[in-house]
There are 2 protein chains.
Amino acid sequence: MIGKLVFFYNLSQTIIMSQRERILDIAETSMRARGYNAVSFREIAGEIGIKSASLHYHFPKKADLGLELVKRYSENFRTALNSATENAANPIEKIEAFIDLHRNALIEQELLCLCVVLGAEARSLPEDVNSSVANFFQSNINWLTDAYQDAGFENAPSRAKAGVATLAGALIASDSLKDNSVFEAAADSVLKS
Amino acid sequence: MIGKLVFFYNLSQTIIMSQRERILDIAETSMRARGYNAVSFREIAGEIGIKSASLHYHFPKKADLGLELVKRYSENFRTALNSATENAANPIEKIEAFIDLHRNALIEQELLCLCVVLGAEARSLPEDVNSSVANFFQSNINWLTDAYQDAGFENAPSRAKAGVATLAGALIASDSLKDNSVFEAAADSVLKS
DNA sequence: GTCTATAATTTGATAGAC
DNA sequence: GTCTATCAAATTATAGAC
């Protein structure tokens, strides 16, 4: 097999997904559910239907996979954020879109944010993976600072720091309690002026 | 050796710490730094100076250790909270004490909250460990709801959910960014009316 | 790109002596 | 309570054939 056929409902188009992307998809799902250290090469390979030795062809070390996962996740997050906000009528709608990305992870995907999970395991991870996770949080704080500023909120930088923290913790607490009202309460607080 | 001598500065008293407590202390520190799956019996035993086989005498399975850790952590947290709030002049001081417990973990201990870390790894953990982690979050939400109510804040239950989430996420983001201002911004938002 | 085979290490766990 | 000895399984990783 050279490529998995993926049909997108909104594109009358067929895309050949590379094996590399398929590996990243499965690894991301697994790690967002159970963490970096609970996921093995064998398990990822098994879900695709190849051997773990083949996985090492694509990602020589686990650290290589981890780093690429965080980079791709950050890029995809940014792309989704841009796409969801390009037609926003006002800055509040942008902040709502930011919240929606988190809500979608928790409720539709039933997964946490990759960087929240890796952030919790930080000291057991390769250092460059940690740096990338930190970059993700900083980018989000910067983005949210701008949005709060545009919306005319006071103390935008401080609000943005609190907002990013709130959504991160909301994923964990809401998931643990299996109570989406925790996430919604957190989302409300991020929007409140 | 039958007991490690522990001197408390505020008690002119010497306490013999049981081996069981010593194991729990080291396991807690390790797991709060690196997560459940990155910590092994051999490593914990090594730090105490015994063999991993001896550790199995105290905690037959890793799940037994994990469960006991969460229970003890929850009890200690509650005891510290009661102790810190018994002389509080008003409900706001109580909420500040709640925040202080988190601040102390991050800044003094340089560790995350055990239940925040385990919550992020939830799906890779034994189910009873997860239940105990969920209990921790629910207890804190209940406690904070009462405090907000006493302080006369509106929507106390919703605020409490957001507050617990905010402090949980603040630990992760602040630690990842090595930027305590993230925690302080989050702490401010928890206190704001 | 994927496979088989294998190495080197780590891990959770047990049996039985002291 | 702790030890030695040991196990079975899992893990990351590499070499070399196809």
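Below, each value reflects all heavy atoms present in this structure, side chains not excepted, and no hydrogens, waters or symmetry copies. Throughout, protein chains are lettered first and strands after them, A, B, ... in sequence-line order, and every chain is numbered starting at 1.
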Quiz item: Starting at CD1 of B:I50 and ending at P of D:dT4, how long is that distance when rounded to a whole Å?
Solution: 12 Å
Quiz item: Can you name the ring-ring contact (aromatic ring centres under 6.0 Å, His included) partners of A:Y36, sequence neighbours left out?
Solution: none
Quiz prompt | side-chain N/O A:S40 vs D:dA10 OP1/OP2, d < 4.0 Å | solution = no
Self-check item: Salt bridge flag under 4.0 Å for residues A:E21 and A:R72
Solution: yes
Quiz item: Nearest-Å distance, NE2 (A:H58) to P (D:dA13)?
Solution: 16 Å
Quiz prompt | Sidechain N-carboxylate O distance under 4.0 Å for A:K61, A:D64 | solution = no
Exercise. Please determine if B:R159 forms a cation-pi arrangement with B:Y148, meaning its NZ or CZ atom is less than 6.0 Å from the six-membered ring centre and no more than 45° off the ring axis.
Key: yes
Exercise. Calculate the interatomic distance between A:K51 atom NZ and D:dT11 atom P; express it in whole Å.
Key: 14 Å
Exercise. Would you mind reading off the distance between B:L55 atom CG and D:dC3 atom C1', rounded to a whole angstrom?
Key: 14 Å
Self-check item: Under 3.5 Å: donor-acceptor pair, side chain of B:K94, backbone of B:D150
Solution: no
Quiz item: Can you tell me if A:S158 uses its side chain to pair, donor with acceptor, with the backbone of A:N155 under 3.5 Å?
Solution: no
Nucleotide N/O of nucleotides 13-18 of chain C paired with protein N/O under 3.5 Å:
from   : atom 1 : to    : atom 2 : distance (Å)
C:dA13 : OP2    : B:K62 : N      : 2.7
C:dA13 : N7     : B:H56 : NE2    : 3.2
C:dT14 : OP1    : B:K61 : NZ     : 2.9

Exercise. Look at B:S54 and D:dC3 and indicate whether a side-chain polar atom (N or O) is within less than 4.0 Å of OP1 or OP2.
Key: yes
